[in-house]
Amino acid sequence: MAIDVKSYKKRVSSQKPNFNLVPFIDILFTLMIFLVVTSSFAPASDVAATDQDGGTGKPNMTDSSGVKEYYVVPVANLHKVTVNGEDMSSMIKNNAIGVLASVMDKGEVNIKPGEIIITTPDGISPQEAVHVPN
């Protein structure tokens, strides 16, 4: 009995590879569900604020030298700063103003386009609450 190798090679070479997509799609969906369930979705700003300063909402301070009494608050086209109803716009430099750290912690700072409205805690004057940034 002879083996016909030529006809076998011809039959194998004429066949196209067969790839079943159903198990492939099942595996992809399983991996996708695993990644979605194990991932945490939080905006990058929330993650950075929570990681850097404990979630207080203060700007991140990267410079570790000097006294950190004032935080620089930049606002695009800043033209008006009001502290306890008093206009402190003269303290603006380069569309930014320095705000006392205790005012950021215990007071209220409302930032609107081109304007900042600050309410200080008791015992802090408007002149002490803001500072011209260097």
Side-chain angles (χ1 to χ4, degrees):
M1 184 166 148
I3 299 176
D4 189 10
V5 177
K6 284 186 182 182
S7 65
Y8 179 75
K9 281 185 180 181
K10 187 177 179 181
R11 191 177 66 211
V12 169
S13 65
S14 66
Q15 290 180 349
K16 293 184 180 178
N18 197 6
F19 188 68
N20 194 354
L21 287 178
V22 174
F24 180 70
I25 293 172
D26 288 342
I27 291 170
L28 283 180
F29 277 121
T30 304
L31 287 173
M32 187 177 69
I33 290 170
F34 174 77
L35 291 174
V36 168
V37 168
T38 58
S39 298
S40 63
F41 294 99
S45 60
D46 291 348
V47 172
T50 306
D51 291 345
Q52 295 295 326
D53 59 19
T56 61
K58 292 190 299 187
N60 294 332
M61 294 298 295
T62 56
D63 185 16
S64 60
S65 64
V67 179
K68 296 180 183 121
E69 292 182 15
Y70 289 90
Y71 289 102
V72 176
V73 180
V75 175
N77 300 320
L78 182 62
H79 61 274
K80 185 175 182 183
V81 175
T82 308
V83 181
N84 293 342
E86 186 177 332
D87 186 24
M88 300 298 287
S89 299
S90 61
M91 300 286 192
I92 298 171
K93 181 178 178 185
N94 297 330
N95 292 324
I97 192 157
V99 180
L100 189 65
S102 61
V103 172
M104 296 286 282
D105 289 338
K106 300 172 188 167
E108 184 177 335
V109 179
N110 293 322
I111 300 174
K112 297 179 180 178
E115 181 180 6
I116 299 176
I117 302 169
I118 300 172
T119 306
T120 63
D122 293 336
I124 298 178
S125 68
Q127 291 76 21
E128 185 183 1
V130 292
H131 184 43
V132 178
N134 294 333

Trainee: Can you find a heavy atom in the side chain of D87 that is under 4.5 Å from one in the side chain of K80?
Mentor: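 Sidechains of K80 and D87: in contact.
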Trainee: For F34, run the side-chain contact (heavy atoms from CB on, under 4.5 Å) check against V37, L31, T38 and tell me which one passes.
Mentor: T38
Trainee: Grab the two heavy atoms, one from P74 and one from A96, that are nearest each other, plus how far apart they are.
Mentor: CA-CB, 3.9 Å
Trainee: If you take all heavy atoms of P133 and V72, which pair is closest and at what distance?
Mentor: CB-CG2, 4.1 Å
Trainee: Name all pairs fulfilling the side-chain hydrogen bond (donor to acceptor under 3.5 Å, both in side chains) condition that reach into residues 116-129, sequence neighbours left out, sorted by first residue then second.
Mentor: N84-T120, E86-Q127
Trainee: Measure the spacing between CG of L35 and OG1 of T30 and express it to the nearest 0.5 Å.
Mentor: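 OG1 of T30 is found 11.0 Å from CG of L35.
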Trainee: Please give me the minimum heavy-atom distance between G107 and P121, naming the atom from each residue.
Mentor: CA-CD, 3.8 Å
Trainee: Kindly give the heavy-atom pair with the smallest separation between V75 and K112, and that separation in Å.
Mentor: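 Answer, listing the atom of V75 first, then K112: CG1-O, 3.9 Å.
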Trainee: What pair of heavy atoms forms the shortest contact from Y71 to A101, and how long is it?
Mentor: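 Reported closest heavy-atom pair: CE1-CB, 3.5 Å.
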Trainee: Just verifying a value: how many Å separate K106 NZ and L100 CG, rounded to the nearest 0.5 Å?
Mentor: 9.5 Å
Trainee: Taking atom CG as the centre, does N94 end up with more than 12 heavy-atom neighbours from other residues, nucleotides or ligands that are less than 6.0 angstrom away?
Mentor: no
Trainee: How close do V81 and S89 get, counting heavy atoms only, and between which atoms?
Mentor: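 So the two residues come closest at N-OG, 3.2 Å.
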Trainee: Just how far is it from atom OG1 of T82 to atom CD of E115, taken to the nearest 0.5 Å?
Mentor: 5.5 Å
Trainee: Please name all residues satisfying side chain to side chain contact (heavy atoms under 4.5 Å, CB included) with N77, sequence neighbours left out, ordered by chain then number.
Mentor: none
Trainee: Measure the CD1-CG distance between I33 and L28 for me, rounded to the nearest 0.5 Å.
Mentor: 11.0 Å
Trainee: Enter the distance from I97:CD1 to S90:OG here, rounded to the nearest 0.5 Å.
Mentor: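 Spacing of CD1 (I97) from OG (S90) equals 8.0 Å.
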Trainee: Under a single-linkage definition using a 4.5 Å side-chain heavy-atom cutoff for Ile, Leu, Val, Met, Phe, Trp and Tyr, are V99 and I117 assigned to the same hydrophobic cluster?
Mentor: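 Shared cluster, no.
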Trainee: Looking at CD1 of I111 and CD1 of I118, how far apart are the two atoms once the value is rounded to the nearest 0.5 Å?
Mentor: 8.5 Å
Trainee: Answer yes or no: is there a side-chain heavy-atom contact under 4.5 Å between V109 and V73?
Mentor: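 V109 vs V73: side chains apart.
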